[in-house]
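Taking it in order: structure first as structure tokens, then the write-up.
As a basis for the values below, the full set of heavy atoms in this structure was taken, side chains included, without hydrogen atoms, waters or symmetry mates.
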Amino acid sequence: MNQYIVDAFTDKPFSGNPAAVCLLPEWPDDGWMRKLAMENNLSETAFLVPGGQAYRLRWFTPETEVGLCGHATLASAFVVLNFLERTAEKVSFITGEGVLPVRRDGDLYAMDFPLIPQREIPVTAAMCEAFGAKPVKALLGTDLVCVFASEEDVRGLMPDQNLLKHLEGRGQHATAPGDGTDCASRSFFPKLGVAEDPVCGSAHCQIAPYWGAELHKEKIIALQASRRGGILYCRLTGNDRVEISGKACLFAISEIQPAALPR
């Protein structure tokens with residue numbers, strides 16, 4: 001069985017966010033998918049099963065299955081549209097979050113994601129202690145988003161992963177106005193076994209709408225200010241949806257040996 005390693009939200013290797021993509025004829029045991037994700041030790045491993053006019057898609061971190069993942073969806077679309085259905089202009093994925101369509105847009109892959117509702121909550125001492133700095137604002141949806149004053153503040157954070165685990169939200173994000181982009185962010189998922197996600201697409205289902213409202217803009221160019229770095233092109237489309245686009249490049253194709261395949 002081939003496994004594709006794709007760097008998402010970048011056009012060059014060793015940057016963006018790497019994801020593994022596996023194509024399966026049918027769903028194997030969940031335990032096997034967890035083991036393979038643990039073996040890969042990437043923030044996400046995506047599993048695809050063909051299903052008529054679409055592909056069924058699930059995502060696993062090294063520790064658990066997640067409900068939504070942006071960069072591994074982008075990586076999956078890259079694999080389908082460049083290796084499996086090369087003449088197609090779009091692909092649809094059936095997921096636990098509904099149908100997620102992805103289309104080619106020049107050298108970008110545009111994903112149609114649900115906008116995640118969020119509300120402002122008080123900044124707490126626990127947030128300040130976990131991030132090592134005081135946010136100017138905090139928002140809670142699926143994840144916790146803490147807003148800081150500058151990109152420099154976000155880049156300089158050295159959060160305590162154990163303390164982040166005790167904060168609200170599936171993940172914890174730090175964001176601020178960008179120096180050369182509309183916003184800059186970093187994403188942390190210690191509850192899912194991922195200390196820092198290099199580039200997080202699903203986080204921008206909350207981050208992009210926030211900055212869109214703050215800046216009165218429909219289109220947001222977002223920098224993920226991790227060590228690897230990446231760029232996300234976000235467009236607020238209305239009807240509670242956000243289009244998140246990015247580039248991707250192939251890093252490797254590996255072959256999983258028969259002894260390691262599900263039985």
Side-chain angles (χ1 to χ4, degrees), residues 8-9 17 66-71 73-74 97-98 100-103 105 108-124 126-128 130-131 133-157 159 164 167-189 196-226 229-247:
F9 296 113
N17 199 351
V66 298
L68 183 66
C69 177
H71 85 278
T73 302
L74 175 55
E97 292 292 323
L100 302 178
V102 185
R103 61 180 178 86
D105 182 15
L108 299 173
Y109 298 87
M111 303 179 288
D112 182 6
F113 271 22
L115 184 151
I116 297 176
Q118 56 190 340
R119 69 185 192 279
E120 185 172 352
I121 61 173
V123 173
T124 65
M127 294 176 193
C128 300
F131 280 105
K134 185 177 181 179
V136 298
K137 186 182 290 187
L139 307 161
L140 183 63
T142 301
D143 298 332
L144 175 68
V145 177
C146 286
V147 182
F148 291 84
S150 70
E151 179 178 320
E152 182 180 4
D153 291 340
V154 169
R155 289 185 179 275
L157 292 174
L164 285 180
L167 297 182
E168 295 179 273
R170 176 196 62 163
Q172 294 77 39
H173 310 289
T175 189
D179 293 338
T181 56
D182 292 308
C183 63
S185 306
R186 291 173 65 192
S187 298
F188 309 96
F189 291 94
E196 180 168 4
D197 200 18
V199 190
C200 184
S202 65
H204 288 78
C205 295
Q206 292 181 228
I207 292 171
Y210 170 76
W211 287 114
E214 288 290 302
L215 301 174
H216 306 289
K217 297 179 72 171
E218 179 185 292
K219 296 181 179 179
I220 295 293
I221 299 177
L223 167 70
Q224 195 91 45
S226 66
I231 297 291
L232 307 92
Y233 302 89
C234 308
R235 183 170 67 93
L236 304 174
T237 61
N239 299 320
D240 299 325
R241 308 292 295 184
V242 56
E243 187 175 78
I244 300 174
S245 303
K247 299 178 181 180

- Task: Heavy atoms only: give me the nearest Met111-Gly70 pair and the separation to one decimal.
- Result: SD-O, 3.4 Å
- Item | Exercise: identify the closest heavy-atom pair between Phe131 and Ala174 | CE2-CB, 4.1 Å
- Message: More than 12 heavy atoms of other residues, nucleotides or ligands under 6.0 Å from CD of Glu214: yes or no?
- Response: yes
- Sidechain-backbone polar pair: Gln118 side chain, Leu139 backbone, donor-acceptor under 3.5 Å: no
- Note on the structure: Output for pair (Cys146 SG, Lys134 NZ), nearest 0.5 Å, gives 12.0 Å
- Query: Does CD in Glu218 sit with more than 12 non-hydrogen atoms of other residues, nucleotides or ligands closer than 6.0 Å?
  - Reply: yes
- Pick one: which of Thr181, Thr175, Asp179 meets side-chain contact (heavy atoms from CB on, under 4.5 Å) with Leu223? Thr181
- Query: So do Val242 and Arg235 actually touch side chain to side chain, heavy atoms under 4.5 Å?
  - Reply: no
- Task: Answer whether the closest heavy-atom distance between the side chains of Pro114 and Arg241 falls below 4.5 Å.
- Result: yes
- Query: Do the side chain of Arg186 and the main chain of Leu157 share a donor and acceptor less than 3.5 angstrom apart?
  - Reply: yes
- Minimum heavy-atom separation for Gly246 to Leu74, with atom names? O-CD1, 3.8 Å
- Could you grab the distance from atom CG of Leu232 to atom CD1 of Ile220, nearest 0.5 Å is fine? 11.5 Å
- Message: Whether the side chain of Glu196 engages the backbone of Ser226 through a donor-acceptor N/O pair (distance < 3.5 Å, no angle test) should be reported.
- Response: no
- Message: Taking the side chain as everything from C-beta on, heavy atoms only, tell me whether Leu68 gets closer than 4.5 Å to Leu100.
- Response: yes
- Closest non-hydrogen atom pair, Pro198 against Asn17: CD-OD1, 3.3 Å
- Item | Side chain to side chain, Phe113 and Glu97, heavy atoms closer than 4.5 Å | no
- Message: Show, in sequence, the C-alpha distance, side-chain angles and deciding distance for Ile244 and Cys205, and conclude whether the side-chain contact (heavy atoms from CB on, under 4.5 Å) test is met.
- Response: CA-CA 8 Å; Ile244 300 174; Cys205 295; 4.1 Å; yes
- Query: Within a strict 4.5 Å, meaning less than it, do heavy atoms of the Cys200 and Phe189 side chains meet?
  - Reply: yes
- Item | Pairwise distance CZ(Arg103) to CG(Asp112) - rounded to 0.5 angstrom | 9.0 Å
- Task: Check whether any side-chain heavy atom of His71 lies under 4.5 Å from a side-chain heavy atom of Val199, and answer yes or no.
- Result: no
- Query: What's the verdict on side-chain contact (heavy atoms from CB on, under 4.5 Å) for Trp211 and Val147, showing C-alpha distance, side-chain angles and the deciding distance?
  - Reply: CA-CA 10 Å; Trp211 287 114; Val147 182; 4.1 Å; yes
- Note on the structure: In this structure, NE2 of His173 is separated from CG of Leu144 (nearest 0.5 Å) by 8.0 Å
- Query: So, for Phe148 and Ala176, which heavy atoms are closest and what is the spacing to 0.1 Å?
  - Reply: O-CB, 3.4 Å
- Query: Heavy-atom distance under 4.5 Å between the side chains of Val145 and Tyr210, does that happen here?
  - Reply: no
- How far apart are the closest heavy atoms of Cys234 and His204, and which atoms are they? SG-CB, 4.1 Å
- Does Ser185 use its side chain to pair, donor to acceptor, with the backbone of Gln224 at less than 3.5 Å? no
- Message: Contact between Ile121 and Glu168 at the side-chain level, heavy atoms closer than 4.5 Å - yes or no?
- Response: yes
- Item | Test item: Asp182 side-chain N/O and Ile221 main-chain N/O as donor-acceptor pair under 3.5 Å | yes
- Item | Rounded distance [0.5 Å steps], NZ in Lys137 versus CE in Met127 | 13.0 Å
